[in-house]
Amino acid sequence: MAEGTLSWERVEVEREVETVARPSLSYWQDAWIRLRANRRALISLYLVIALMAFTVLGPFVWTVDPAAQDLDQISVPPGADRVATVVDDYRPWDGATATPIEGDGGELAAPGAVEIADQATTNAVRLYWDPVAGAGGYRVYRNKYDPEPDGALGLPIGEILSPANVSFEDRLDLKAETYFYSVVALDGAGREAVGYTTVTADVTRVITAAEALDKGLIEDISDVAPGDTVKMAFHPLGTDYLGRDLLARLMHGARVSLFIGIVAPFLFVIIGILYGSAAGFMGGRTDQVLMRFADFVVALPFLLFMILLRILFNVESGDSGVGPMLVAMVMLSWPAAARLVRGQILQIREEGYIGASRLLGAKTNYLILRHMIPNTMGVILVTLTFAVPSAIFTEAFLSFIGMGVAPPTPSWGSMCNEGLKTMLTTPHELIAPAAFISITVLAFNLLGDGLRDALDARMRATE
């Protein structure tokens, strides 16, 4: 190198540069990953899918008619014994008689003993007792509970006005359970004696060979003989107070409840999207007029509107009220979605890409449908998800108070109304539909929470 001059020489240096490779994800792919990370929302999604399968595919798997009555198994809980003993055909009973005993004019006594003739079965319970001196007749009571603690004899099921007749045959809606029969003596004026005599009858479920053949429990009448046992029809969730299969009614009731719970929110959310988009994009006086009309719709009383629509649709007792309920929900529930979408549109229309599209000549319809609404889809999906459980609960409430779906059309709300009448004796009739309503509402609410967290861009910014 010469003196006074500088010379630079290029030196090659090998360096190892670490690069971070991250796959490119779309908005919806990233949202799905975030949703899967939320265990509660994912379980809720699976529950919703299972409910849809239960509703759509269930009736094809469990083909029992929801209106068919099994009169041998009324209000039977799940897992109840369904074995029946084959017996001969019913034969009338002549009863028992005794010579009347003259009384001494004193207070009537209770029968000395009450016995059960033959075997107590669901065909008949036959009673006979000792005659009471001075009795002009007898009255027979039946109770499911022991009357001894407080003297509650139960239901009067028979009155014998002849002192010579000391027997009674009970054939009134007998079930395979324990009954307490009490016999009270009557004087000549029909007044009861103070004392009574009680006998316990453990009723056995029986069926004749002809009845078993008619119900499809056997293939040929010669397949069974008296003393053999057969199993009655299987009802996984039991039966209601009319002997109808609860599982079949829950499946068909789900079609009504979920139809209203999904179709009504879908329709009024669509109306809210269009209405809110128009109001938010146009702004100014038009926006104010449109939103004041939405406020007016919010102020309308829902129940009063339901009554007016039922009158308008000429819905009579026993008719299904699905139509008026659906119309009322759609007409009165859209303002909430409209307000939410309007707020999003007011924010989005000030974005730079909207101004650029306007400069390029984009029309209003294009801006709303191509840019604004797609960018509000996350909010719209969350709104729809939260609207579904609200609509299901509204249908259940209206059907429960008799303003919605009317029997015999099954719905979860009307089934709860029917089960309420027998909840103290057969609680499964109320528990089953109430559990389905609760699970469905909870699943959609948790799914809505998960979708909100997965689709909201601001939630990403805080992580």
Side-chain angles (χ1 to χ4, degrees), residues 40-68 75-80 234-266 320-322 325-326 329 384-424 426-450:
R40 289 181 303 174
L42 192 62
I43 294 175
S44 299
L45 177 61
Y46 292 150
L47 278 176
V48 170
I49 295 173
L51 283 169
M52 296 301 174
F54 178 82
T55 304
V56 177
L57 303 178
F60 295 100
V61 177
W62 187 252
T63 56
V64 176
D65 184 359
S75 295
V76 173
F234 178 53
H235 302 285
L237 297 182
T239 58
D240 65 2
Y241 71 105
L242 293 177
R244 298 172 297 190
D245 185 83
L246 272 181
L247 179 58
R249 291 184 63 76
L250 285 171
M251 288 178 177
H252 287 78
R255 291 186 170 186
V256 175
S257 297
L258 292 182
F259 171 77
I260 295 174
I262 293 176
V263 172
F266 179 80
S320 175
V322 175
M325 190 188 310
L326 189 64
M329 286 186 182
L384 182 61
T385 308
F386 280 118
V388 169
S390 176
I392 291 175
F393 187 78
T394 301
E395 181 277 326
F397 168 72
L398 291 175
S399 298
F400 181 79
I401 65 174
M403 290 294 297
V405 180
T409 303
S411 79
W412 291 344
S414 61
M415 290 176 68
C416 285
N417 188 16
E418 295 171 355
L420 185 66
K421 304 170 186 175
T422 58
M423 64 176 296
L424 295 179
T426 53
H428 70 280
E429 298 179 34
L430 174 63
I431 291 175
F436 270 84
I437 293 174
S438 301
I439 291 172
T440 304
V441 171
L442 180 63
F444 274 103
N445 276 322
L446 291 179
L447 180 59
D449 271 337

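- A pairwise comparison of heavy atoms in His428 and Ser75 identifies CE1-O, 3.7 Å as the closest pair.
- The distance from atom CD1 of Ile392 to atom OG1 of Thr440, rounded to the nearest 0.5 Å, is 5.5 Å.
- Contact annotation: the side chain of Leu420 approaches that of Phe400 to within less than 4.5 Å [non-hydrogen atoms, C-beta and beyond].
- Between Ser44 and Leu446, the shortest heavy-atom contact is OG-CB, 3.0 Å.
- Smallest separation of non-hydrogen atoms from Leu447 and Ala41: CD1-O, 3.8 Å.
- Judged by distance alone, with hydrogens and angles left aside, the side-chain atoms of Arg244 form no donor-acceptor pair with the main-chain N or O of Ala67 at under 3.5 Å.
- Phe393 CZ: 12 or fewer foreign heavy atoms inside a 6.0 Å radius.
- Atom OH of Tyr46 is surrounded by 12 or fewer heavy atoms from other residues, nucleotides or ligands within 6.0 Å.
- Among all heavy-atom pairs drawn from Asn445 and Pro389, the shortest one is OD1-CG, 3.6 Å.
- Aromatic ring orientation, Phe234 versus Trp62: perpendicular (interplanar angle above 60°, classes split at 30° and 60°).
- With sequence neighbours excluded, the residues forming a side chain to side chain donor-acceptor pair (under 3.5 Å) with Thr422 are Thr426, Glu429, listed by chain and number.
- Side-chain atoms of Val64 and Leu247, non-hydrogen and from C-beta on, never get closer than 4.5 Å to each other.
- Within the 4.5 Å cutoff, no side-chain heavy atoms of Arg40 are placed close to those of Ile43.
- Considering CD of Glu395 and CG of Leu326, their distance stands at 11.0 Å, rounded to 0.5 Å.
- Between the CD1 atom in Ile431 and the CE atom in Met423 there is a gap of 8.0 Å [rounded to 0.5 Å].
- Between Ser399 and Met325 the shortest side-chain heavy-atom distance falls below 4.5 Å.
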Could you go through the side chain to side chain contact (heavy atoms under 4.5 Å, CB included) check for Met415 and Leu246 one step at a time?
CA-CA 9 Å; Met415 290 176 68; Leu246 272 181; 3.7 Å; yes
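- Side-chain N or O atoms of Thr394 include one that pairs as donor or acceptor with a backbone N or O of Ser390 at under 3.5 Å.
- Inter-residue side-chain proximity for Leu47 and Phe444 is flagged as unmet; no heavy-atom pair is nearer than 4.5 Å.
- Residues Ala264 and Met329 approach most closely at CB-SD, 3.9 Å, considering heavy atoms.
- With a 4.5 Å cut-off on side-chain heavy atoms, Cys416 and Leu430 count as touching.
- Using a 4.5 Å heavy-atom threshold, the side chains of Pro236 and Asp245 count as touching.
- Atom CE of residue Met251 and atom OG1 of residue Thr63 lie 10.0 Å apart, to the nearest 0.5 angstrom.
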Phe259 and Thr55: side chain to side chain contact (heavy atoms under 4.5 Å, CB included), yes or no, with the steps?
CA-CA 10 Å; Phe259 171 77; Thr55 304; over 6 Å; no
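- In the displayed structure, Phe386 atom CZ is contacted under 6.0 Å by more than 12 heavy atoms of other residues, nucleotides or ligands.
- Inter-residue side-chain proximity for His235 and Val76 is flagged as unmet; no heavy-atom pair is nearer than 4.5 Å.
- Ile437 contributes atom CD1, which lies 7.5 Å from atom OG of Ser411 (distance to the nearest 0.5 angstrom).
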